[in-house]
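Okay, structure first, notes after.
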Amino acid sequence: MDNSYSVVSVADMLGVSSSTVKKYYLLLEEKNYRFKRNQKGKLTFSYDDVNLFRRLILLKNEPGMSVNKAVVQLVQESGVAQQSKNGNIHESVIIERDLLFIHLLRDTKKELLAAIKEVDRLNEERIEEFEENIEQRFKRVYKNLKSLKDKEGSTLINQ
């Protein structure tokens with residue numbers, strides 16, 4: 001089973017335009033990263049290539065990072081990660097996959113913590129509203145009791 005993807009399908013998977021994928025693969029190829037081509041010479045991408053693009057997108061979005069810097073870092077980290085002649089995935093690709101997973105976990109953790117903080121904030125607001133409602137009800141009950149007491153006192157005086 002051959003899992004190879006076209007520029008268009010990679011763009012769809014990543015949520016970017018085809019021209020963005022083209023820009024990324026050309027930058028990577030400038031740094032000696034080589035992608036496979038089919039028998040007709042058409043460029044094809046493996047699942048690992050797609051993950052490389054995902055890692056590139058994550059890196060370029062970090063503060064102080066540009067696409068070019070991200071490409072250089074990826075190529076350095078991966079040691080120009082390619083499949084070896086016998087078809088086994090180079091160890092650096094596995095490291096890249098692990099780094100991507102760690103990155104995704106960190107981002108997910110940040111998002112979850114932000115969501116928890118927002119829920120806490122909303123709960124605090126609701127507690128304050130409840131406390132205010134309770135205080136207002138207490139004041140009304142107290143006022144009603146006082147007015148009842150005053151009425152009873154005036155009724156006794158009038159008799």
Side-chain angles (χ1 to χ4, degrees), residues 1-140:
M1 184 172 159
D2 182 33
N3 286 334
S4 59
Y5 306 99
S6 68
V7 170
V8 173
S9 59
V10 170
D12 287 341
M13 285 188 273
L14 298 174
V16 299
S17 68
S18 296
S19 62
T20 299
V21 173
K22 184 175 181 179
K23 174 184 174 181
Y24 292 165
Y25 83 71
L26 288 172
L27 286 169
L28 284 160
E29 284 188 332
E30 283 177 11
K31 302 295 181 201
N32 296 322
Y33 188 97
R34 295 293 170 240
F35 297 97
K36 286 188 176 183
R37 297 188 184 273
N38 64 17
Q39 294 163 340
K40 295 179 182 178
K42 185 176 177 185
L43 191 64
T44 61
F45 301 100
S46 68
Y47 182 76
D48 291 326
D49 294 333
V50 175
N51 283 332
L52 183 71
F53 289 129
R54 282 190 178 111
R55 174 90 169 110
L56 176 60
I57 291 168
L58 287 172
L59 278 174
K60 77 164 185 71
N61 289 330
E62 287 189 5
M65 189 64 83
S66 67
V67 175
N68 288 329
K69 286 181 183 178
V71 167
V72 169
Q73 181 176 330
L74 280 175
V75 170
Q76 286 174 347
E77 287 175 0
S78 68
V80 188
Q82 297 284 335
Q83 288 191 345
S84 63
K85 290 179 183 176
N86 63 6
N88 294 332
I89 296 174
H90 194 275
E91 184 179 336
S92 59
V93 174
I94 294 169
I95 292 169
E96 283 299 313
R97 190 179 299 160
D98 292 346
L99 288 172
L100 177 64
F101 182 72
I102 290 167
H103 222 11
L104 290 172
L105 280 176
R106 188 188 73 210
D107 291 346
T108 302
K109 181 180 174 183
K110 285 180 185 177
E111 290 172 10
L112 286 173
L113 287 173
I116 289 169
K117 285 180 182 179
E118 178 63 12
V119 168
D120 283 348
R121 187 188 66 75
L122 292 172
N123 284 339
E124 286 294 325
E125 286 178 7
R126 291 185 73 198
I127 289 170
E128 288 174 11
E129 288 174 15
F130 286 139
E131 288 174 344
E132 189 174 317
N133 286 338
I134 289 169
E135 188 173 327
Q136 289 174 359
R137 286 181 183 179
F138 178 75
K139 287 179 181 177
R140 280 194 303 254

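Reckoned from all heavy atoms, side chains included, excluding hydrogens, waters and symmetry mates. Residue numbers count from 1 along this sequence. What you see is a predicted model, and the numbers here were worked out from it, not measured in a lab.
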- Run the side-chain hydrogen bond (donor to acceptor under 3.5 Å, both in side chains) check on Asn123 and Arg126 step by step: do they pass? CA-CA 5 Å; Asn123 284 339; Arg126 291 185 73 198; 4.8 Å; no
- Full working for side chain to side chain contact (heavy atoms under 4.5 Å, CB included) between Lys42 and Lys36: CA-CA 8 Å; Lys42 185 176 177 185; Lys36 286 188 176 183; over 6 Å; no
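- The side chain to side chain donor-acceptor pair (under 3.5 Å) contacts involving residues 110-119 comprise Glu118-Arg121, where partners must be two or more places apart or lie in separate chains.
- Between Lys31 and Gln76 there is no side-chain heavy-atom pair separated by less than 4.5 Å.
- Separating the CD1 atom in Ile127 from the CG atom in Leu122 is a distance of 11.0 Å, to the nearest 0.5 Å.
- The shortest side-chain heavy-atom distance between Val50 and Tyr5 falls under the 4.5 Å cut-off.
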Distance-only donor-acceptor hits, side chain of residues 20-29, under 3.5 Å, sequence neighbours excluded:
from, atom 1, to, atom 2, distance (Å)
Thr20, OG1, Ser17, OG, 2.9
Glu29, OE2, Arg37, NH2, 3.4

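- The side-chain heavy atoms of Glu77 and Leu74, taken from C-beta on, include a pair separated by under 4.5 Å.
- With Asn133 contributing its side chain and Phe130 its backbone, the two residues share no donor-acceptor pair below 3.5 Å.
- A distance of 5.0 Å separates CD in Gln73 from CG in Leu59, rounded to the nearest 0.5 Å.
- Within the 4.5 Å cutoff, no side-chain heavy atoms of Asp49 are placed close to those of Val10.
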- ring pair (Phe, Tyr, Trp, His ring centres under 6.0 Å) evaluation trace for Tyr33 with Phe53: CA-CA 12 Å; Tyr33 188 97; Phe53 289 129; 8.2 Å; no
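- A 4.5 Å side-chain heavy-atom check between Arg137 and Glu132 finds every atom pair outside the cut-off.
- Expressed to the nearest 0.5 Å, how far CG of Asp107 lies from CG of Leu112 amounts to 11.0 Å.
- Between Ser18 and Val7 the shortest heavy-atom distance is O-CG1, 3.6 Å.
- Note that the CZ atom of Phe45 and the OG atom of Ser6 stand 8.5 Å from one another [nearest 0.5 Å].
- Applying the side chain to side chain donor-acceptor pair (under 3.5 Å) test to pairs two or more places apart or on separate chains, those with a residue in residues 60-69 are Glu62-His103.
- Under the 4.5 Å side-chain criterion, counting only non-hydrogen atoms from C-beta, Leu56 is not in contact with Leu52.
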